[in-house]
Amino acid sequence: MKFRNPLPTLALTVSLVLSLPALALAETTIRFATGYDLESIDPIWTTAGGAFRHGYMVYDTLLAKDADGLTHPQMLESYDISDDSLTYTFTLREGLLWHDGTPVTAEDCVASIQRWGARDGAGQVLMEYMSAMNTIDDKTFEMVLSEPFGATIDTLAKGAANVPFMMPKRVAETSPDEQITEYVGSGPFIFVEEEWVPGSKIVYRKNPNYVPRDEPASDVAGGKHVHVDRVEWLIMPDQQTALSALMAGEVDILESPTIDMLPIVDQTEGLTTTQVNRDGWVGMVVPNHLHPPFDDPRAHEALAWLIDQEVYLQAIAGNPEYSKPCASLFACGTPMSSDIGGEALSGFDKERARELFEEIGWDFDEPIVLLNADDPAINSSILLTAQALRSIGLTTDVQSMDWSTLAKRRTSTDAPEDGGWNIFITYGSAGSRHNPFFNASYSAACADGWFGWACDEELETLRAAWPLGETVEERQEIARAYQERAFTVGSPWIPFGQWAEPVAHSETVTDFVPIGTGVVVFWNMRKSESAAD
Amino acid sequence: MAFAVFAARRLASMIWVMLFVALFVFSLLYLAPGDAATVIAGEDTSPEDVERIRKGLGLDQPFHQQFLIWLGNILQGDFGISIFSNIPVLELIGQRLDPTISLTLTTIIFSTLVAVPFGVIAAWRSGSLIDRSLMLFSAICFAMPAFVLGYCLILLLSLQLDLFPVQGFVPISDGIGPFLLAITLPTLMLGTVYIVLIARITRATVMDVLNEDYIRTARSRGLSEREVLIRHALPNAAVPIVTVIGLGFALIIGGVVITETVFNIPGIGRLTVDAINKRDYPLIQGIIILTSAVYVIINTIIDILYVYIDPRIRL
């Protein structure tokens, strides 16, 4: 009989046993490199992108829209609409808890809706229709309207900023003009305030008490199952550094890599890209309706003839895989989009554009003032627009500044020669441009409207009528009428296409949920030890 | 007694400098285009909402009223609250001090330790291969933008050789090893221009001193070259070298903005740029006032150091 030394086996067994607790306790952390800072911690106080994204981590909504644009209960178990369409009764799901462990109540939701309704544009309209909000019991409340408002449910399911996120009553009672100071939500992640370094790092941990819905996740609706323990947002303003960090394995996901980085990502072992910004961005050329030449609809048409969307998108997105021309004022691929009235946007005709400016009697030596900002997409588009205007003999004055300066400058109603402007360019989430009602940029309310001050009573009437449409078909009709009218009298802005950058990430991270507004969400996402797992 | 009077005079002048800085900074920000309200409001908002936010922040108040309120608060040690994060300015700056102080100190120490001997040797062996190498190295470093050097360091030492992390900061309290690993590349990037600057000044100054009569006298007394350099040349060349090290502090304060961005270090430099981009006025003002104070204090210390280094300088 041979005697075997038991020590190696014993040592192996002991080390395995000792390592078990460590294995069991090993945290899964997703490190997310983003250029978006958390400007503010209050997604109701501001519409800024960082706060909006933070909102989806920490808070939840009563209702939410899925990838098909259909509205579903989220925190709600059910809702009921009275026959006269004046009373909406909402019942909360069982088991909903705030991060501090207290139950979510109907009172909390009423206070949250009131604060949101005082701040958000669509919420303000809803509040105008509302005569009362009553708490029936801990889980039930009702909303009584003074007259039917067909978009009530859609407004409460609004997925773009300001999103009606639910907060505890004591937090929601903060004045809408002041920031909240307590960050308690009922969403899938808990904000770790003590690890927050503004401008640098934001940390969230899994909410162990979150009760996901049973339905599969679809956009911001459905079951928000969290499979990671911790998410770290690392604010990296320098894209090159962020890419290097991804390549070195120091971060797991890089949001919005620039076009030139995508081939590098594709060639790097262990890295890949995924499109999570489902609707992407909409490019907008905004003419100033107050001053010549864009106080004349013919100048708008001329500008549209000069916009070659393919060229703009080539400059911004590079790869056609990540962009698509769109001659609609509403995000292409969504129910309200159409190409009605957008003939000029579908073509490129310098001669027609020149004729239109000549018809107006515009002095070609008079400079057209274009505001340029320190953003690659805006810069490319402004330079292309200026080049197109010059190509028909017009004179341009491109004034460059940082975005904050431009954001202030565009509020000026002065004449261009006195510090005003003729054209600025911006882009916004296509997910928040599905219809004429929810977004301020569709306003044609003259001095009370959005920058550029489009002014047309009929457009405003159509805008107000859209939420009152009772069926999708009715609303489509109104949206088409709005678009046709807008392209005839001078649209608040002229679209120049849609694009979306994919996220670059380690192959160990999988199961992204694409979102229409482009926000990266971390529910359902999984992270394995290796790509093969 | 004379020293006390000198120090008191210097401190009094500091107060005037700081008051001037306060007024200048406030005026500059008041005149600067753009404001926080537009950033808070975001893209999809109406001009009416922007105006409401502006009023809520008190940005519609007249200049003198805003300045007096701000100055009064500063004098009471209240630097205000960041418009965006809703966190006191001093707390925000405090969060960012460690990385910036660490980076500044490692850069100054590293640069001085490398540059002074380099400059002395180059002066001593003027026209030699070492001297010419220094000149070539200087020309390259001055010509190359710092961020390019940063990316080259990341590519070579982090991605290719896997010696250092690409980005981030580890406080020294987490261990000297991890701290040094994380701070090495930023120090190399930030220190390079500084090394060149100090080395060139050292070389020029030591060369001047080496031509002085008392150096010839020291050599004729049979002192070794090492003794001549260390005991006679270097002390007499110290004043310009210390001056450039002090002035270089401003260079570093400026340089940290880029270095902190390239290496994703959460320091004062990035905080400043973020605050300016967002027009977070209380934060910008707080950072500039405190940075100016540090700069003025360092210059005062250097002035005082002159007296010890060179007794010929009168108080």
Side-chain angles (χ1 to χ4, degrees), chain A residues 33 37-42 45-49 51-52 119 121 160-161 177-181 196-201 234-238 240-242 244-245 247-248 250 401-411 426-429 432 438-441 443 445 447-451 453, chain B residues 32-57 81-87 92 95-96 99 147 150-151 154-155 158-159 162 165-169 258 260-267 270-271 273-280 283:
Chain A
D37 187 14
L38 185 54
E39 301 91 347
S40 157
I41 212 80
D42 186 346
W45 182 71
T46 177
T47 62
F52 166 63
R119 192 82 184 187
D177 292 328
E178 288 171 21
Q179 291 199 63
I180 55 171
T181 53
W196 179 33
V197 181
S200 175
K201 187 179 181 184
L234 305 169
I235 316 300
M236 293 196 190
D238 188 87
Q240 185 59 49
T241 303
S244 299
M247 292 166 78
E250 293 174 25
M401 55 203 77
D402 69 331
W403 173 254
S404 296
T405 304
L406 191 153
K408 176 74 187 297
R409 175 82 176 269
R410 69 179 177 176
T411 64
T426 185
Y427 55 94
S429 161
S432 65
F438 283 129
N439 196 287
S441 68
S443 168
D448 295 329
W450 198 62
F451 316 101
W453 303 281
Chain B
D35 69 37
T38 53
V39 184
I40 291 165
E43 190 53 21
D44 301 328
T45 195
S46 66
E48 195 184 11
D49 280 339
V50 173
E51 202 48 45
R52 188 164 50 85
I53 294 168
R54 187 172 291 131
K55 279 184 185 161
L57 296 172
I81 290 174
S82 159
I83 292 174
F84 290 88
S85 63
N86 216 15
I87 292 175
L92 278 174
Q95 282 181 337
R96 303 299 191 95
F147 71 90
Y151 291 140
I154 289 173
L155 182 66
S158 296
L159 294 179
D162 199 20
V166 169
Q167 52 83 41
F169 171 75
I258 299 166
E260 286 176 2
T261 302
V262 169
F263 290 99
N264 193 36
I265 295 172
R270 266 186 57 192
L271 184 69
V273 174
D274 290 345
I276 291 170
N277 283 338
K278 292 182 204 161
R279 305 293 194 270
D280 193 340
L283 189 52

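A, B, ... follow the sequence lines: proteins, then strands. Residue 1 opens every chain.
- Interatomic distance, CD of A:Q179 versus OG of B:S82, reported as 8.0 Å (0.5 Å rounding).
- In this structure, B:R279 and A:T405 have side chains that are in contact, with non-hydrogen atoms separated by less than 4.5 Å.
- Taking B:I154, B:L155, B:I83 one by one and counting their heavy-atom pairs under 4.5 Å with chain A, the maximum is reached by B:I83.
- Most heavy-atom pairs under 4.5 Å with chain B, from the set A:S200, A:G121, A:G449: that is A:S200.
- A donor-acceptor pair under 3.5 Å is absent between the side-chain atoms of A:Q240 and the main chain of B:V262, judged by distance alone.
- Looking at residues two or more places apart in sequence or on another chain, you find a side chain to side chain contact (heavy atoms under 4.5 Å, CB included) between B:T261 and A:P237, A:D238, B:R270.
- Proximity to chain A (any heavy atom under 4.5 Å) is restricted, for B:I87, to the side chain, taken from C-beta onward.
- Note on A:G49, A:A445, A:A245, A:A242: by heavy-atom pairs under 4.5 Å with chain B, the leading option is A:A245.
- The side-chain heavy atoms of A:T241 and B:Y151, taken from C-beta on, include a pair separated by under 4.5 Å.
- Only the side chain of B:D274 has a heavy atom closer than 4.5 Å to any heavy atom of chain A.
- Contacts between A:S443 and chain B at a heavy-atom distance below 4.5 Å are absent for every atom of the residue.
- Counting all heavy atoms, side chain and backbone alike, B:V166 lies closest to A:A248 at CG2-CB, 3.6 Å.
- Residue contact with chain A, scored on non-hydrogen atoms closer than 4.5 Å, involves the backbone and the side chain of B:Q167 alike.
- For B:F169, there are no ring pair (Phe, Tyr, Trp, His ring centres under 6.0 Å) partners, not counting sequence neighbours.
- Within the 4.5 Å cutoff, no side-chain heavy atoms of B:P266 are placed close to those of A:K201.
- Between A:I41 and B:N86 the shortest side-chain heavy-atom distance does not fall below 4.5 Å.
- For A:W196, the parts sitting under 4.5 Å from any heavy atom of chain B are the backbone and the side chain alike.
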